[in-house]
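To start, the structure under review is shown below, and the notes come after it.
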Amino acid sequence: STPAPAPAPPAARAEAPKPVPATPPPAAKSPPPMQPPAPALPPAPVPAETDPGQRWAVVIGVSDYEDSRIPSLRYAARDAQVFHDWLVSPTGGRYAPSKVKLLLNRNATNERIKDALFNWLKQAIEEDVVVIYFAGHGSPESPEAVQNLFLLPTNARYDNIAVTGFPMWDVETALKRFIKARRVVIIADACHAAGVGQSFDVAVRADRGLQVNQISAGLQGLSDVGEGVCVISASRDREFSQESREWGGGHGVFTHYLLEGLKGAADFDRSGSVSVGEVTVYVSQQVRRATRNAQNPVVAGRFDPSLVIGK
């Protein structure tokens, strides 16, 4: 008989796949803590060239006096006119013409000067700049009352300076009571003689020694009214202000170099504008040089030397 076939070997059992351990899901990130809002930035400072203050000016010049016994001056009114023209020029001070009052010769009366300082300049507010310019005679009342100082308007009387002159203390009153601007520049060329009026001529004829005309010191004293008042006077007490055709074809030496400086000659730092500090240095140097030290401009007051008279 045929032998039975050998039994087939048992099939190998496939191993079951090993389970892969499950990867735990990433932990949810907690939201970042709430940050307080950033503080608002402070407003940028206002640059000097965009100074919000307005510019005001009263410009007075007297060459001719109604009383012919008061000596006339050659170029005081012309000095005031050209200073005014620089103030309102688009390439100069750039003042609004409506904010500049010009009083020349017959218009520079005692009453009109007082009205300009006491009433018209009341329009200026604290942030504004006020410029007061005077070119003309300044004098004590008499040789016996040298402490009583006056600017002489066109209608001053030779024999009654005390009543018809414009008292220096009225300028001080204007600064204290009527002009609110905290930046005031006073520019004056007022010392052209030892004194003006009948009493001084009598003293000269009697060969009496005259004391020094203290008009420059009186002007400088106006700076004591308070901080922010700058006074620029053309000369010292013992000096007389000079005027001649040799300076700009006919000017006082002080105003001639004041204008040259404001027009750019005093722009030492090439900033494109001329500060009070720059122009006073320039005028002092040039006037002393031109007069061989016979005339020395003086500046007084507690003020910001970076102040620009124009814009």
Side-chain angles (χ1 to χ4, degrees), residues 54-63 73 75-89 92-105 107-110 112-118 120-121 124 128-138 150-154 166 168 170-172 174-175 179 181 183-192 215-216 218-220 222-223 229-235 241 243 247-248 251-263 266 274-276 279-280 282-283 287 297-301 303 307-311:
Q54 297 180 355
R55 261 66 174 168
W56 301 80
V58 171
V59 180
I60 305 161
V62 186
S63 288
L73 295 170
Y75 302 119
R78 184 180 179 189
D79 285 351
Q81 180 70 64
V82 296
F83 182 69
H84 164 273
D85 294 347
W86 177 84
L87 286 175
V88 300
S89 168
R94 295 191 286 171
Y95 283 49
S98 63
K99 292 181 172 61
V100 181
K101 183 174 284 292
L102 176 64
L103 300 174
L104 295 180
N105 287 329
N107 289 321
T109 63
N110 196 318
R112 287 179 176 172
I113 294 172
K114 190 169 187 176
D115 181 67
L117 300 185
F118 281 33
W120 190 75
L121 283 178
D128 293 347
V129 174
V130 165
V131 174
I132 301 170
Y133 175 98
F134 178 86
H137 278 303
F150 298 84
L151 302 177
L152 301 194
T154 189
F166 191 82
M168 193 69 71
D170 273 2
V171 183
E172 181 177 345
L175 294 172
I179 299 173
R183 294 173 292 175
V184 179
V185 180
I186 299 172
I187 303 170
D189 188 352
C191 190
H192 297 274
I215 197 72
S216 181
L219 288 163
Q220 293 163 45
L222 294 172
S223 65
V229 178
C230 169
V231 179
I232 308 169
S233 52
S235 59
S241 297
E243 52 180 4
W247 295 303
H251 284 294
V253 62
F254 170 76
T255 295
H256 171 67
Y257 285 111
L258 172 70
L259 288 167
E260 290 296 303
L262 291 172
K263 290 176 180 177
V274 178
S275 68
V276 171
V279 78
T280 51
Y282 175 82
V283 170
V287 170
V298 181
V299 60
F303 58 92
L307 173 65
V308 176
I309 294 177
K311 285 191 175 180

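When every heavy atom of Ala108 is checked against every heavy atom of Pro153, the shortest pair comes out as O-CB, 3.3 Å. The two residues Gly252 and Tyr75 come nearest to each other via the heavy atoms N-CB, 4.2 Å. Smallest separation of non-hydrogen atoms from Gly261 and Val274: O-CG2, 3.4 Å. Residue Gln54 comes nearest to Asp128 through the heavy atom pair N-OD1, 2.8 Å, listed as atom of the first residue, atom of the second, then distance. Nearest heavy-atom pair, Leu117 versus Ile132, reported as atom, atom and distance to 0.1 Å: CD2-CD1, 3.9 Å. The minimum heavy-atom distance linking Pro97 with Val88 is given by the pair CA-CG1, 4.0 Å.
Within the model, atoms NZ of Lys101 and CG of Leu121 stand 9.0 Å from one another, a figure rounded to the nearest 0.5 Å. How far CZ of Phe134 is from CG of Asp189: 9.5 Å, rounded to the nearest 0.5 Å.
Evaluation of the side chain to side chain contact (heavy atoms under 4.5 Å, CB included) rule for Ser235 yields Cys191, Glu239, Ser241, Gln295 as partners, not counting sequence neighbours. Listed by chain and number, the residues in a ring-ring contact (aromatic ring centres under 6.0 Å, His included) with Phe83 are Tyr133 (sequence neighbours excluded). Listed by chain and number, the residues in a side chain to side chain contact (heavy atoms under 4.5 Å, CB included) with His256 are Trp247, His251, Glu260 (sequence neighbours excluded). Applying the side chain to side chain contact (heavy atoms under 4.5 Å, CB included) criterion to Ala188, with sequence neighbours excluded, gives Leu219. Residues meeting the ring-ring contact (aromatic ring centres under 6.0 Å, His included) test with Phe254, sequence neighbours left out: none. By the side-chain hydrogen bond (donor to acceptor under 3.5 Å, both in side chains) test, Arg112 pairs with Asn107, sequence neighbours left out. Under the rule for a side chain to side chain contact (heavy atoms under 4.5 Å, CB included), the partners of Gln220 that lie at least two apart in sequence or sit in another chain are Ser216, Ser233, Val298, Ala300. When the side-chain hydrogen bond (donor to acceptor under 3.5 Å, both in side chains) test is applied to Asp170, no partner is found at least two apart in sequence or on another chain.
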#### Entry: side-chain contact (heavy atoms from CB on, under 4.5 Å) between Gln81 and Leu102, worked out
CA-CA 8 Å; Gln81 180 70 64; Leu102 176 64; 3.7 Å; yes
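The closest donor-acceptor contact from the side chain of Asp79 to the backbone of Thr255 lies at 3.5 Å or more, if one exists at all.
Using a 4.5 Å cut-off on side-chain heavy atoms (C-beta onward), Lys99 and Tyr95 make no contact. In this structure, the side chains of Ile215 and Met168 come closer than 4.5 Å at one or more pairs of heavy atoms. Between Val171 and Phe166, the closest side-chain pair of non-hydrogen atoms falls below 4.5 Å. Residues Ile179 and Trp56 fail the side-chain proximity criterion, which asks for heavy atoms closer than 4.5 Å. Looking at Ser63 and Asn105, their side chains come closer than 4.5 Å, going by heavy atoms from C-beta outward. With a 4.5 Å cut-off on side-chain heavy atoms, Val283 and Ile232 do not count as touching. Here the side chains of Cys230 and Val299 are in contact, with some heavy-atom distance below 4.5 Å. Side-chain contact check for Val279 versus Leu262: some heavy-atom pair is nearer than 4.5 Å.
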